[in-house]
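Keep in mind that the numbers below use all heavy atoms, side chains included, and drop hydrogens, waters and symmetry copies.
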Amino acid sequence: MRLQEGRLWATLHDGKFEVRSVTQSDLEEALDVLDGSFFLNESVCQACEINLPESVQARQELRELCKITASDGVSLLVKEVESGRVVAVSFNKIQFSPPPGEEHFFLKFRNEKAKSLEARRLMDFMIEVDGRIDVCSMYNMDCFCELMFLGTLPSHERLGLGRSLSQLTIQLTQELAEGKGLEDIDENLRSKRPSAVTALWTSSFSQKIGKATNFKVLNTVGYSEFEFNGKRFNERINPLHKFCEHVIYKF
């Protein structure tokens, strides 16, 4: 991850927006986008009560998850050129099987860093749904990029920014698969060659993005299966969003 002036991946809407790699200088503002969008409105965040005002610790812990994730060097943001504001983000993680005896990234973070019940429940959901399909065995691969958290400020929704971030995450990962664009990647990950992008689409909106960008649905799980703090997930989630899709874009 660069200190500043992230790589330019695309311009959108006649130059009004730029898609760039996340850098150290704009990381905090990128995290603030999650505070103003993802943590408030995303389905599983609502089910786990991360959106509530009193869940400050949970949001801080998930910000820390994203800080660690951003250090991989594969996360992207959308910046409004005129104002210089970060208005949309995609926090992406290079995932791979850990050495024998070590926990994979999400489980390790959950056990060592997540202390709040809300953040732990969200992590448990991610770990369980990811774990129901062993994508590495299914596709005979040892590394992939997970599009982890995708968020757009409410003021900039319906502009296709999430779709652009998803498409460019695919492009970025394809470059890494070919051994290109390694200079911004964590030096410990430069030997990795991810051969797919995966995601958990948790709303009808992100599921539409997935269809538009040709992700394949691997598994679908209904929110009525899961519960937190005395209620099933579907009791807190808008009925427009009935299930989560585990998806893949394989090269």
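The salt bridge (Lys or Arg N to Asp or Glu O under 4.0 Å) test applied to Asp130 returns no partner, not counting sequence neighbours. For Glu112, the side-chain hydrogen bond (donor to acceptor under 3.5 Å, both in side chains) partners two or more places apart in sequence, or in a different chain, are Lys108. Shown here are the side-chain contact (heavy atoms from CB on, under 4.5 Å) partners of Glu5, two or more places apart in sequence or in another chain: Arg20.
Checking side-chain atoms of Ser75 against main-chain N and O of Val22 turns up no donor-acceptor pair under 3.5 Å. Side chain of Asp72 to main chain of Lys93: no donor-acceptor pair is present (N/O by atom type, distance under 3.5 Å, no hydrogens or angles). Counting only distance, with no hydrogens or angles, the side chain of Ser137 and the backbone of Asp134 share no donor-acceptor pair below 3.5 Å. Judged purely by atom type and a 3.5 angstrom limit, Glu235 uses its side chain to pair as donor or acceptor with the backbone of Arg232. Side-chain atoms of Asp184 never come within 3.5 Å of backbone atoms of Arg2 as a donor-acceptor pair (strictly under, hydrogens ignored). Between the Thr23 side chain and the Gly6 main chain, no donor and acceptor come within less than 3.5 Å of each other. Arg110 places no side-chain N or O within 3.5 Å of a backbone atom of Met123 that could act as its donor or acceptor partner. Checking side-chain atoms of Gln207 against main-chain N and O of Trp201 turns up a donor-acceptor pair under 3.5 Å. At least one donor-acceptor pair closer than 3.5 Å links the side chain of His241 to the backbone N or O of Ser204.
Residues Arg193 and Asp142 fail the side-chain proximity criterion, which asks for heavy atoms closer than 4.5 Å. At a threshold of 4.5 Å between non-hydrogen side-chain atoms, the residues Leu117 and Asn229 do not count as touching. For the pair Phe125 and Cys244, the minimum side-chain heavy-atom distance is below 4.5 Å. Counting only heavy atoms from C-beta outward, the side chains of Gln46 and Ser43 never approach each other to under 4.5 Å. The side-chain heavy atoms of Val89 and Leu150, taken from C-beta on, include no pair separated by under 4.5 Å. Counting only heavy atoms from C-beta outward, the side chains of Lys242 and Asn234 never approach each other to under 4.5 Å. Side-chain contact check for Lys216 versus His246: every heavy-atom pair is 4.5 Å or farther apart. Proximity of His156 to Leu161: side-chain heavy atoms (C-beta onward) are separated by under 4.5 Å at one or more points.
Judged by a 6.0 Å distance limit and a 45° cone about the ring axis, Lys79 is not positioned over the six-membered ring of Phe17. The cationic group of Lys192 lies under 6.0 Å from the six-membered ring centre of Phe96 and within 45° of the ring axis, placing it in a cation-pi geometry.
Interatomic distance, Leu34 CG to Cys66 SG, rounded to the nearest 0.5 Å: 5.0 Å. Remark: Cys45 SG to Arg121 CZ distance equals 13.0 Å, nearest 0.5 Å. For the atom pair CZ of Phe38 and OG of Ser90, the computed distance is 10.0 Å after rounding to the nearest 0.5 Å. Taking CD of Glu178 as the start and CD of Gln174 as the end, the distance is 7.0 Å to the nearest 0.5 Å. Distance check, rounded to the nearest 0.5 Å: CD1 of Ile185 to CG of Leu172 gives 6.0 Å. Ile237 CD1 to Ser203 OG: the interatomic distance, rounded to the nearest 0.5 Å, is 10.0 Å.
Atom NZ of Lys250 is surrounded by more than 12 heavy atoms from other residues, nucleotides or ligands within 6.0 Å.
Ring centroids of Phe91 and Phe149 are separated by 6.0 Å or more, keeping the two rings apart. Aromatic ring centres of Phe243 and Tyr223 lie farther apart than the 6.0 Å criterion allows.
Phe205 and Leu165 fall into different hydrophobic clusters, defined by Ile, Leu, Val, Met, Phe, Trp and Tyr side-chain heavy atoms under 4.5 Å apart, directly or through other members. No chain of hydrophobic side-chain contacts below 4.5 Å, direct or via other Ile, Leu, Val, Met, Phe, Trp or Tyr residues, connects Leu8 to Leu77. Leu122 and Leu40 are members of different hydrophobic clusters when ILVMFWY side chains are connected at heavy-atom separations under 4.5 Å.
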Is there a salt bridge (Lys or Arg N to Asp or Glu O under 4.0 Å) between Glu54 and Arg59? Walk through the geometry before answering.
CA-CA 10 Å; Glu54 58 268 29; Arg59 292 190 291 274; over 6 Å; no
Determine whether Phe106 and Asp124 satisfy the following criterion, side chain to side chain contact (heavy atoms under 4.5 Å, CB included), listing intermediate values before the conclusion.
CA-CA 9 Å; Phe106 284 159; Asp124 285 342; over 6 Å; no
Determine, step by step, whether Lys16 and Leu159 satisfy the side chain to side chain contact (heavy atoms under 4.5 Å, CB included) criterion, reporting the C-alpha distance in whole Å, the side-chain angles of both residues, the deciding distance to 0.1 Å, and the verdict.
CA-CA 11 Å; Lys16 292 180 180 178; Leu159 294 173; over 6 Å; no
Criterion side chain to side chain contact (heavy atoms under 4.5 Å, CB included) on Thr173 and Thr169, from CA distance to verdict
CA-CA 6 Å; Thr173 307; Thr169 294; 4.2 Å; yes
Working for side chain to side chain contact (heavy atoms under 4.5 Å, CB included), residues Glu245 and Leu200:
CA-CA 6 Å; Glu245 292 179 344; Leu200 298 181; over 6 Å; no
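Looking at every heavy atom in both residues, Asp186 comes nearest to Ser71 through CB-O, 3.6 Å. In terms of heavy atoms, Pro194 sits closest to Ala177 at O-CB, 3.1 Å. Of all the heavy atoms in Ile50 and Ser55, the pair that sits closest is O-CB, 3.7 Å. Between Leu176 and Ile94, the closest heavy-atom pair is CD1-CD1, 4.1 Å. Residues Val78 and Val19 come closest through the heavy atom pair CG2-CG2, 4.0 Å. Between Gly15 and Val81, the closest heavy-atom pair is O-CG2, 3.3 Å.
Counted by atom type alone, Glu61 and Gln57 present one or more donor-acceptor pairs between their side chains at under 3.5 Å. Looking only at atom types and distance, the side chain of Thr202 has a donor-acceptor partner in the side chain of Glu42 under 3.5 Å away.
Looking at Lys231 and Glu227, no side-chain N of the basic residue comes within less than 4.0 Å of a carboxylate O on the acidic one, giving no salt bridge. Salt bridge present: Glu175 and Arg7 bring a charged side-chain N and a carboxylate O closer than 4.0 Å. A salt bridge is absent between Arg85 and Glu29; no separation between the charged side-chain nitrogens and carboxylate oxygens falls under 4.0 Å. Taking the charged nitrogens against the carboxylate oxygens, Glu49 and Arg236 do have a contact shorter than 4.0 Å, which makes a salt bridge.
Ring pair Tyr249/Phe215 is perpendicular by interplanar angle, where above 60° counts as perpendicular and below 30° as parallel.
If you chain together ILVMFWY residues whose side-chain heavy atoms come under 4.5 Å of each other, Leu52 ends up in a group of its own. Grouped by direct or indirect side-chain proximity (heavy atoms under 4.5 Å, Ile/Leu/Val/Met/Phe/Trp/Tyr only), Tyr139 sits with Ile133, Val135, Met138, Met141, Phe144, Leu218, Ile248.
The side chain to side chain donor-acceptor pair (under 3.5 Å) contacts involving residues 95-107 comprise Gln95-Glu146, Glu103-Asn111, where partners must be two or more places apart or lie in separate chains.
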